Amino acid sequence: MNTLTTVQFDAPDAAERLLRLSADELDGLDFGVVEMDQLGQVLRYNATESRYSGLPAERVVGRHFFRDVAPCSNNRHVAHRYALATLDDTIAYTFALRMKPVPVTLRLLKPADSPCMYLLVRWT
């Protein structure tokens, strides 16, 4: 991975850097990344997120993340917060993954004037 494009989960400029990453660089990150358009349709889904969630990217990309992929996050704590004009918040959350609760840390990112918004997932 190019050191100029390395992204940390809590980096202040994470969204800007994520947008510039190649697919291979995105897959090399040690946290999950769900890149969505402004309507919640998945544009990119990295290998780390795929590995932990058990969902292959080809089953996720092109689908609405909150409605079709992770309906357990379609609530006021996660999905509904993306209605804000801008968003950068980190929360503790529990995914109900195949009926087994999985604690995670989520970073919700929606930069102003960006074509993309992000859900970063640190699996614990």
Side-chain angles (χ1 to χ4, degrees):
M1 182 178 299
N2 183 333
T3 57
L4 296 176
T5 55
T6 299
V7 180
Q8 300 299 318
F9 183 87
D10 55 357
D13 61 347
E16 179 183 314
R17 287 178 176 264
L18 287 166
L19 191 58
R20 294 188 301 229
L21 293 183
S22 70
D24 286 341
E25 290 169 328
L26 197 71
D27 284 344
L29 297 174
D30 64 353
F31 54 89
V33 178
V34 181
E35 181 180 273
M36 300 168 275
D37 68 12
Q38 293 292 319
L39 300 175
Q41 182 175 341
V42 178
L43 303 172
R44 299 195 296 171
Y45 192 80
N46 80 339
T48 303
E49 186 61 20
S50 182
R51 185 171 52 258
Y52 281 107
S53 71
L55 298 172
E58 48 279 356
R59 282 190 47 205
V60 175
V61 172
R63 298 178 70 195
H64 190 277
F65 183 75
F66 302 110
R67 184 185 61 234
D68 303 329
V69 178
C72 66
S73 63
N74 193 4
N75 55 48
R76 66 182 174 89
H77 302 291
V78 183
H80 300 178
R81 298 185 63 195
Y82 284 95
L84 297 170
T86 62
L87 176 64
D88 184 352
D89 203 6
T90 302
I91 62 171
Y93 196 71
T94 301
F95 278 143
L97 196 59
R98 290 191 277 292
M99 302 304 287
K100 178 184 175 191
V102 178
V104 295
T105 301
L106 301 178
R107 184 166 180 204
L108 291 61
L109 290 171
K110 183 180 177 187
D113 302 322
S114 174
C116 301
M117 53 190 197
Y118 296 91
L119 179 69
L120 308 184
V121 184
R122 183 182 291 149
W123 294 82
T124 53

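Note that this is a predicted model, so its numbers are computed, not measured. Because only heavy atoms are used, hydrogens play no part in the values below, and waters and symmetry mates are left out as well, while side chains stay in.
Of all heavy-atom pairs between P103 and P101, the closest is CD-O, 4.0 Å. Heavy atoms only, all atoms of each residue included: L19 and C116 are closest at CD1-SG, 3.7 Å. Counting all heavy atoms, side chain and backbone alike, P111 lies closest to A15 at CG-CB, 3.4 Å. Heavy-atom minimum distance, E49 versus W123: OE1-NE1, 3.0 Å. Considering all non-hydrogen atoms of both residues, Y82 and V78 come closest at CD1-O, 3.5 Å. Here the closest non-hydrogen pair linking L120 and L18 is CD2-CD1, 3.6 Å.
Listed by chain and residue number, nothing satisfies the side chain to side chain donor-acceptor pair (under 3.5 Å) test with T105 (two or more places apart in sequence, or in another chain). For T86, the side chain to side chain contact (heavy atoms under 4.5 Å, CB included) test picks out A112, with sequence neighbours left out. With sequence neighbours left out, the side chain to side chain contact (heavy atoms under 4.5 Å, CB included) criterion links A92 to no other residue. Not counting sequence neighbours, P71 has no partner by the side chain to side chain contact (heavy atoms under 4.5 Å, CB included) test.
Residue pairs that meet the side chain to side chain donor-acceptor pair (under 3.5 Å) test with at least one member in residues 30-43, sequence neighbours left out, are E35-R44, E35-Y118. Listed by first and then second residue, the salt bridge (Lys or Arg N to Asp or Glu O under 4.0 Å) pairs involving residues 52-63 amount to none (not counting sequence neighbours). For the side chain to side chain donor-acceptor pair (under 3.5 Å) condition, the pairs that include at least one residue of residues 64-80, sequence neighbours left out, are N75-Y93. Counting only residues at least two apart or on different chains, the salt bridge (Lys or Arg N to Asp or Glu O under 4.0 Å) pairs with a member in residues 81-91 are R81-D89, D88-R107. A ring-ring contact (aromatic ring centres under 6.0 Å, His included) check over residues 12-36, counting only residues at least two apart or in different chains, returns the pairs F9-F31.
Between the CG atom in L109 and the CG atom in L119 there is a gap of 9.0 Å [rounded to 0.5 Å]. A distance of 6.0 Å separates CG of L26 from CG of L21, quoted to the nearest 0.5 Å. The distance from the OH atom of Y52 to the CZ atom of F95 is 13.5 Å, given to the nearest 0.5 Å. Annotation: the span from L108 atom CG to L87 atom CG amounts to 5.0 Å, rounded to 0.5 Å. A distance of 11.5 Å separates CG in L29 from CZ in R17, rounded to the nearest 0.5 Å. The line from CZ of R122 to OG1 of T48 is 12.5 Å long, rounded to the nearest 0.5 Å.
Residues V61 and L55 fall within the same hydrophobic cluster, defined by Ile, Leu, Val, Met, Phe, Trp and Tyr side chains chained together at heavy-atom separations under 4.5 Å.
A donor-acceptor pair under 3.5 Å is formed between the side chain of D27 and the backbone N or O of A47.
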side-chain contact (heavy atoms from CB on, under 4.5 Å) between V102 and T94: does it pass, once the steps are laid out? CA-CA 5 Å; V102 178; T94 301; 5.7 Å; no
